[in-house]
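Everything on this sheet refers to the single structure shown next.
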Amino acid sequence: MNPETFIFEKAKAAIKELYGAEVNEKMIQTQATRKEFTGDITLVTFPLLKTSKKSPEITAQEIGGWMKANSPEIESFNVIKGFLNIKFSQWFWQGIFNGMFATEDFGQLAPSGKTIMVEYSSPNTNKPLHLGHIRNNLLGWSVSKLLEANGHKVLKVNLVNDRGIHICKSMLAWLLMGNGETPESSGLKGDHLVGKYYVAFSNELKRQTKEIAAQENISEDEAEKKAPILREAQAMLLKWEHGDKEVVALWEKMNGWVYDGFAQTYKRLGIEFDRTYYESQTYLLGKALVQEGLKKNIFETHDDNSVWCDLEGDGLDKKLLLRGDGTSVYMTQDLGTAHQRFSEYKLDEHIYVVGNEQNYHFQVLKLILKKLGFDWSDSIYHLSYGMVELPEGKMKSREGTVVDADDLVEKMYQTAKETSLELGKLGDMGADEQEALFEMLGLGALKYFIIKVDPKKTMLFDPKESIDFNGNTGPFIQYTHARIKSILRRAAAEGYQKAVVDPESVKESASEILLPKEIEIIKLLNTFPTVIKEAGDAHSPAVVANYAYELAKEFNQYYHDVTILKEEDASLRDQRLALIDLIARVLVKAMGILGITLPERM
């Protein structure tokens, strides 16, 4: 039983005994005792005054006195202006600790019966993954693991945007400028090769646009629409939608290159999916829904044959659903994909992990689905996250100024290697173990630095800061875990059997087996399930990341101040070893939710 539940039950019994009344559960309010006062938990008496018909101070004194007399778990209490501050005995905390220690998967919440789908990654097949995609993937993965820790069944899905004008731009540029270049002939990963031609298209489009603008004395916006290379790309898209064999064959070949490249990046990042959807297989479902909407007069056709949904009456704009030439847009396929998923699975929630520049898109998506009569649209949640920026500013894919995901991961590996060698944190490791550690630390630094920031915030990524072994970083927590495991290995060699102290023996003992610092750590450990719940409700793994950091800090201070292995009293030594053992287990669970592996030694 946790402290809040314990006090709730005791307060309810006290009120019934003292005042002969049953109280509404909401009337029993507790909070952590403020640091300037003595106590562990505080009962707020003001909601109980109508029942007691006495002053706040007298009510608190009476309830506190009854609870102290009838609860050996309570060591003392004090009253400050109607607030009843309760201090538990050390053996109460010992019992709490023993319960946590005995729970094999402490922090895992009970099954909820809910099924939640999380869509993340959602790359375009015209370029490699970059730093922005890394935040998306890491956030999507960790939210999925967080929801699993909350007891939900989670389906991790990817929607590959494998069709559209952006794909045709890379395809056309390769046809015009590629001279048959392949990943094998160039030595480039397939996604990098295709991305190279996306940039090449953009550069050629800029050149043609400026030339036309100068020749015809028109704006660059007008000139771009007349650019031959853009018109060729638009014609290619139309051919693809009509099943042109040559265009489809080229599309399949170049997308195949990209998929191979993505697979390598996902593997290194530790990212997986339960299912992958492809826009090329779902956009027709969306077009069918558009036709239904036209029949029901929910949508309207304009003179150029384009199809729109008028949302002005809902405070929004008109939304394009089909172009005049019949080709679809992102909204079209999102309508079809959402319908398919809710038809296939009985989803309680569908989370889309997509950047905040698409906030309006998802607002429109939910509204259009609602108009089409799908009440499950209320179960759609857009996990909107801020962009990742660099000291030099924002990234632009079409200009080739992005931070490539593969390059960044490799840089993190090299930085972890250099830092570890410089600090001498390798002990007697062999070459293979060292390489595995460098990879673990590099990925840990990258993942933690990105995930520790609240998803809604725009963040500035600093690779050097992320690898610091002394700050709020992944490597700091990883090193903390390795230090605990080192202590436990030495203890095991001396016969430690992971024993815990019997609280009944503590109750009868005159000695203080739990130090105040140890009680503080037990309190922090005891909040872990609550942290998991709160983080899950907020869809924010950052809450778990920062909890792990606080716990690691507490251990390091404890290790600095308290004797563990050299403690002469066997009961105290075993108690302290059990405490740090549980700290290590909770760090593994917390960091595992973030997709971060903790080393056994460093």
Side-chain angles (χ1 to χ4, degrees), residues 105 107-125 129 133-163 191 255-256 258-283 285-286 333-355 358 362 365 376-377 379-385 405 443 447 450-451 455 532 535-537 539-541 544 589 591-597:
D105 196 6
Q108 176 63 45
L109 305 189
S112 68
K114 291 184 177 180
T115 299
I116 300 176
M117 181 174 283
V118 182
E119 178 193 293
Y120 57 98
S121 197
S122 304
N124 295 331
T125 55
L129 303 177
H133 291 119
I134 284 184
R135 188 177 197 189
N136 182 297
N137 278 281
L138 298 184
L139 182 57
W141 172 266
S142 58
V143 165
S144 299
K145 303 307 287 183
L146 176 58
L147 294 172
E148 287 176 358
N150 273 269
H152 309 313
K153 179 183 178 182
V154 178
L155 297 164
K156 302 184 294 292
V157 303
N158 187 4
L159 172 65
V160 180
N161 298 301
D162 63 341
R163 59 163 296 283
D191 51 337
N255 273 353
V258 174
Y259 297 148
D260 288 342
F262 284 171
Q264 294 174 49
T265 307
Y266 287 141
K267 183 177 181 180
R268 192 167 187 187
L269 283 171
I271 299 298
E272 297 174 346
F273 306 95
D274 297 309
R275 181 168 176 181
T276 297
Y277 293 83
Y278 298 90
E279 185 184 350
S280 58
Q281 297 171 4
T282 61
Y283 81 103
L285 301 174
Q333 65 91 7
D334 275 350
L335 290 169
T337 306
H339 183 265
Q340 179 185 11
R341 291 171 180 174
F342 276 91
S343 299
E344 289 178 338
Y345 303 100
K346 189 177 179 182
L347 301 178
D348 294 285
E349 186 177 23
H350 188 331
I351 299 171
Y352 290 86
V353 182
V354 182
Q358 295 295 328
F362 284 97
L365 174 65
W376 45 255
S377 61
S379 301
I380 288 175
Y381 178 83
H382 174 207
L383 179 49
S384 171
Y385 64 89
L443 285 172
K447 292 180 179 183
I450 286 178
I451 295 172
I532 295 293
D537 290 345
H539 303 97
S540 178
V544 178
K589 176 74 174 178
M591 296 295 273
I593 288 171
L594 312 183
I596 297 173
T597 306

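Just so you know, residue 1 is the first one in the sequence shown, and it goes up from there.
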Checklist entry - Does the side chain of His350 come under 3.5 Å of the side chain of Ser379 through a donor N or O and an acceptor N or O? => result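 Short answer, no.
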
Next on the checklist: Quick check: closest heavy atoms across Thr125 and Asn255, and the distance to 0.1 Å?
Outcome noted: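 In terms of heavy atoms, the two residues are closest at OG1-OD1, 2.8 Å.
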
Next on the checklist: Is it the case that the side chain of Lys447 and the backbone of Leu269 share a donor-acceptor pair, with hydrogens and angles ignored and the cut-off at 3.5 Å?
Outcome noted: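 Judged by distance alone, yes, a pair lies under 3.5 Å.
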
Checklist entry - When you measure from the side chain of Asn161 to the backbone N and O of Ser122, does any donor-acceptor pair fall under 3.5 Å? => result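 Side chain of Asn161 to backbone of Ser122: a pair is present.
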
Item to check | Row check, Tyr277 ring normal vs Arg341 NZ/CZ: under 6.0 Å, within 45° | outcome: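 Yes, Arg341 sits over the ring of Tyr277.
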
Next on the checklist: Distance to the ring centre below 6.0 angstrom and angle to the axis at most 45 degrees; does that hold for Arg163 and Tyr283?
Outcome noted: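 Yes, cation above the ring, under 6.0 Å and within 45°.
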
Item to check | CG on Asp191 to CG on Asn124, rounded to 0.5 Å | outcome: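 It is 12.5 Å, given to the nearest 0.5 Å.
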
Next on the checklist: Once rounded to the nearest 0.5 Å, what's the spacing between atom CG of Asp162 and atom OH of Tyr259?
Outcome noted: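 The OH atom of Tyr259 is 4.0 Å from CG of Asp162, to the nearest 0.5 Å.
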
Next on the checklist: Just to verify, which of Phe273, Tyr352, Tyr385, Trp141 counts as forming a ring-ring contact (aromatic ring centres under 6.0 Å, His included) with Tyr120?
Outcome noted: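 Looking at Phe273, Tyr352, Tyr385, Trp141, the match for Tyr120 under the ring-ring contact (aromatic ring centres under 6.0 Å, His included) is Phe273.
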
Next on the checklist: Taking the side chain as everything from C-beta on, heavy atoms only, tell me whether His133 gets closer than 4.5 Å to Phe262.
Outcome noted: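 In short, these two side chains do not touch, never coming nearer than 4.5 Å.
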
Checklist entry - Is there side-chain contact between Arg275 and Met117, with at least one heavy-atom pair below 4.5 Å? => result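 With C-beta onward as the side chain, the pair stays apart.
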
Checklist entry - Can you list the residues that meet the salt bridge (Lys or Arg N to Asp or Glu O under 4.0 Å) rule with Asp348, with sequence neighbours excluded? => result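 Applying salt bridge (Lys or Arg N to Asp or Glu O under 4.0 Å) to Asp348 gives none.
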
